[in-house]
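In what follows, chains carry the letters A, B, and so on, assigned in the order in which the sequence lines appear, proteins first and then strands, with residues in each chain numbered from 1. Keep in mind that this is a model prediction, so the values were computed, not measured.
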Amino acid sequence: MSMPAPAHGAAVAHAPESFWSRYVFSTDHKVIGLQYMFTGMAMALIGGFMAYVFRMQLAFPGQSVPLYGLVTAREYNALITNHGSIMIFWVSMPVLIAGLGNFLIPLMIGCDDMVFPRLNRLSYQIFFVSVVIILISLVVPGGGFGGAWTAYPPLSASAHYNHTPWGAPLWLLAVALEFVAFLLGGINFTVTVMNARAPGMTAMRIPIVVWMIVIASLVFMGSVGPLIAGAVMLFLDQTVGTQFFDPKAGGDPLLWQHLFWFFGHPEVYVVLLPATGVVAEVLTVFARKKLFAYKTILGTAIATGIISFFVWAHHQFVAGIDPRMAHLFTITTLLISIPVAEMLFAFIATLYGGSIEFATPMLWALAFIAEFLIGGVTGIFLGANATDIYLHDTYFVVAHFHYTFFPIAIIGTFAAITYWFPKMFGRRMSETLGKIHFWGTVIPFNLIFIPLFLTGVAGQHRRIYSYENFPQLSTPWLNHLAVIATVALIVMLAFQVVFLVNFFWSMRHGEEVGANPWNANTLEWAAPSPPPHGNFVTMPAVYRGPYEYGVPDRDLDYWPQHVPNQEELPRA
Amino acid sequence: MSSEAVHADRAHPSYVRIYLALLVLLAISLLGPMFGHPIVTLVTAFGIAIVKATMVAAYFMHLNIEERYVWYILFVMLGFVLVMFAGIAPDVMLPAGQNWLHLPITPPAPPVHH
Amino acid sequence: MSHAADVRAHVPIATGRSATGIPTARLAVWWVLASEIVIFGGLIGSYVMLRLHHPHWAEEASHTNTVAGAFNTFVLLTSSLAAVLAHQAAEARNGPRAARFLGLTILGGLVFLMVKSFEWSNEIAHGFTIFRDVFWSYYYVTCGLHGLHVIVGMVIMGIVAADARRGRNLHRVELIGIYWHFVDAVWIFLFPLFYIAK
């Protein structure tokens with residue numbers, strides 16, 4: 001079914017004009033995508049500030065932190081907890097899945113919007129309410145919840161233990177609302193990709209990033225249910241006084257740990273997959289080469305998604321779980337590194353023999369591969385139950401998961417933003433500032449977390465407010481490492497100013513670009529930059545896969561998906 | 001659209017007859033415990049629940065004439081629930097463990113102060 | 001707001017496409033049910049493993065009212081029949097008839113909730129509150145979550161029926177029916193779990 005061009009042109013001309021209907025209550029997928037992205041970036045600043053405060057406390061215990069003041073033990077717990085929660089639920093998820101998914105899916109599969117635009121808007125509104133609630137939970141009497149982002153009972157289940165009668169339930173409520181928002185969004189994404197593809201967009205012609213977002217949405221959908229059930233139980237434990245997780249009354253605290261990690265571990269892959277999708281898109285464009293092993297990458301993503309349901313209890317090796325089950329979960333955890341490693345090999349093979357251009361998005365994509373590799377390899381030690389019993393809850397764990405989450409949520413996001421910025425705003429970001437920001441982020445990042453691997457192996461536990469009380473663990477060497485990590489963090493945060501300047505300056509004053517500044521193949525580059533309401537001037541049809549770069553016997557080294565076989569692009 | 005054509009063509013089964021069959025099954029599941037045998041109760045209660053739910057899904061939700069993969073989607077989700085159960089049940093149902101050795105606790109040596 | 005009307009005048013393309021052959025709205029309902037399976041599955045699964053762990057829960061379960069549970073199963077099955085007959089009528093483009101059947105389904109939901117509230121007030125009056133034992137916590141939370149789904153279904157069904165009576169959006173009759181049958185199927189499992197197995 002194709003829309004006659006004039007009628008569509010009329011629709012473009014009648015795009016909503018008032019500020020409120022255009023930017024706040026819009027049902028346009030691009031606006032909603034940017035809403036998610038800006039909200040996520042704002043939350044990243046809050047989460048980053050929290051990291052700054054508690055890192056200062058760890059490096060210089062008991063001293064007043066500039067811009068914050070003295071950090072009490074309870075505030076420290078709340079800061080740590082909410083840093084983790086915000087960075088995962090209110091930064092990674094909205095930016096990588098909801099933001100990119102909303103912006104890219106309709107453009108990349110060649111249609112005008114999501115299949116349920118109003119459901120999409122509702123999903124953002126619920127998400128926004130959850131943002132408001134989590135921010136309120138930080139300032140209510142008793143302070144924000146301080147029982148770690150995993151919220152293990154009995155600490156989380158009763159205000160007698162956690163001393164946050166308001167903070168704990170509000171935190172849980174915010175998380176639950178956020179789940180609802182992403183369930184709605186995920187259903188919308190999945191149905192859109194299943195049903196609303198452009199003519200000719202067969203399953204094997206869908207860009208990898210779209211596949212990844214859909215697989216991630218499905219993994220989220222399949223894993224979050226038990227935790228929603230668990231959240232209802234925990235909420236009642238907190239507010240009504242039931243005893244679902246109280247062993248004294250016949251409940252079981254271990255049940256919550258299982259329900260949490262049954263979701264919590266697949267969640268890692270939920271945010272990983274879209275980031276790898278972004279990397280795949282960027283690599284092919286800047287290596288001017290076909291993506292190596294499209295079907296294999298797709299297969300590894302599906303395998304990762306499925307195996308991710310079998311690994312969760314490796315977070316609980318010290319929780320007293322059945323040792324035989326611990327062996328099983330060790331094996332599955334080691335197994336899941338196979339498809340992920342295979343995916344990275346396919347990315348490296350894509351680079352081989354390509355004409356690589358080191359533009360800013362490409363730097364981010366390459367950094368993703370390098371840094372995530374370290375995160376993946378250190379994960380092996382934590383996935384094996386024998387070594388995990390020593391390393392559990394030390395800074396080694398902290399360093400490991402930051403080596404996975406930072407590439408995912410920060411490096412992957414910057415790759416995406418620098419790559420799709422011209423499509424979002426019709427202008428280019430500054431390459432010079434982009435490269436300064438890149439090096440100013442990646443080098444300090446390693447200086448933050450390599451020291452933490454060492455303090456972790458030395459035995460420093462991650463949930464200690466001040467090591468002054470532990471003479472064996474506050475040697476000068478370990479204190480130096482803590483100071484190095486903190487200084488590096490401050491440097492890294494300072495370099496984010498470069499990004500913000502680059503972003504907002506380029507939005508207004510960057511060099512204007514045409515529809516396809518990177519000479520890329522996928523459909524979003526066939527739409528004008530920025531795409532109008534309704535996206536395409538004429539709805540595209542698809543004639544080939546998304547990665548036809550450097551095809552022999554062609555004048556141009558790229559071959560957009562929407563160009564019919566006989567027709568050539570006009571020479572630029 | 002093809003699915004519309006399918007809809008127009010398909011003959012509706014006698015829903016009342018399926019409904020009556022469901023009521024008979026309900027009656028059997030109520031009579032099951034009267035035998036007083038736990039296995040019989042298990043079969044009449046849960047076996048019949050599975051049959052009833054499958055009938056509702058197949059005939060009332062029309063999964064019998066829906067694309068086949070919708071079954072697969074729902075079964076994959078059920079599979080995830082089973083995985084969850086299989087992974088959690090050993091801990092929640094057997095918190096005391098089996099064949100665990102109860103070793104006497106030896107307190108660690110006091111730290112050496114220099 | 002005039003431009004809002006203009007936007008609505010723009011016929012959305014995405015919503016009308018159907019690359020899989022399943023209409024978009026129905027496909028979405030299947031995914032909603034898929035996510036619901038895991039939510040109920042998590043709750044029921046947790047209940048089952050604790051139930052098998054605690055033999056004394058069988059004693060607690062003997063205080064639930066089997067007759068009321070059986071009657072409610074009957075009511076929900078009957079309302080499901082009405083929902084599927086409404087779908088049949090909607091396919092024959094008979095909106096008013098579909099609306100009448102949907103009305104019967106809503107009535108079934110209402111009876112279900114009335115029986116439930118009778119049951120609960122009786123149990124609470126006899127001291128079987130949500131605090132008595134974790135069994136009762138599961139009983140109230142699981143049935144409560146299910147009851148919430150019944151209420152949501154009734155509200156949506158009311159909207160769909162009002163539309164159907166005027167012959168509008170008849171395809172939605174099938175969709176709300178599918179959801180209702182799912183709620184029915186969940187109850188089919190809750191009934192033996194809480195009422196029969198003692």
Could you pull out the closest heavy-atom pair between [X] and [Y], with the gap in Å?
| X | Y | result |
| --- | --- | --- |
| C:H53 | B:M93 | ND1-O, 3.1 Å |
| B:L30 | C:A70 | CD1-CB, 3.6 Å |
| B:M61 | C:W30 | O-CH2, 3.7 Å |

Rounded to the nearest 0.5 Å, what's the gap from CZ on C:R26 to CD on B:E67? Could you check?
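C:R26 atom CZ to B:E67 atom CD measures 8.5 Å (nearest 0.5 Å).
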Report the C-alpha separation of B:H62 and C:V84 in whole Å, then their side-chain angles, then the decisive distance to 0.1 Å, and conclude whether the side chain to side chain contact (heavy atoms under 4.5 Å, CB included) test is met.
CA-CA 9 Å; B:H62 294 118; C:V84 80; 4.0 Å; yes
Given a strict heavy-atom distance threshold of 4.5 Å, which part of [X] is in contact with chain B: side chain, backbone, both, or neither?
| X | answer |
| --- | --- |
| C:L193 | both |
| C:A197 | side chain |
| C:F191 | side chain |
| C:W180 | neither |
| C:S35 | neither |

Within 6.0 Å of [atom1] in [X], more than 12 heavy atoms from elsewhere:
| X | atom1 | value |
| --- | --- | --- |
| C:F71 | CZ | no |
| B:Y59 | OH | no |
| B:F35 | CZ | no |
| C:H126 | NE2 | no |
| C:R132 | CZ | yes |

Specify which of [options] makes the most heavy-atom pairs with chain C at under 4.5 Å.
| options | value |
| --- | --- |
| B:V56, B:L82, B:T44 | B:V56 |
| B:I18, B:V16, B:L63, B:L42 | B:L63 |
| B:A49, B:A27, B:P33 | B:A49 |

I need the residue from [options] with the largest number of non-hydrogen atom pairs under 4.5 Å to chain B.
| options | result |
| --- | --- |
| C:V38, C:T20, C:L85 | C:T20 |
| C:D184, C:T66, C:L27, C:L52 | C:L52 |
| C:I178, C:V186, C:I196, C:L81 | C:L81 |
| C:V29, C:L77, C:L50 | C:L77 |
| C:S80, C:G69, C:A185 | C:S80 |

Contact origin within [X] toward chain C - heavy atom pairs under 4.5 Å:
| X | result |
| --- | --- |
| B:I50 | both |
| B:F85 | both |
| B:T41 | side chain |
| B:L26 | side chain |

Test side-chain contact (heavy atoms from CB on, under 4.5 Å) applied to C:I37 and B:L74, B:I73, B:V76, the passing residue
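The passing option is B:L74.
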With heavy-atom distances below 4.5 Å as the criterion, would you say the side chains of B:M77 and C:L33 are in contact?
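Counting from C-beta outward, B:M77 and C:L33 never come under 4.5 Å.
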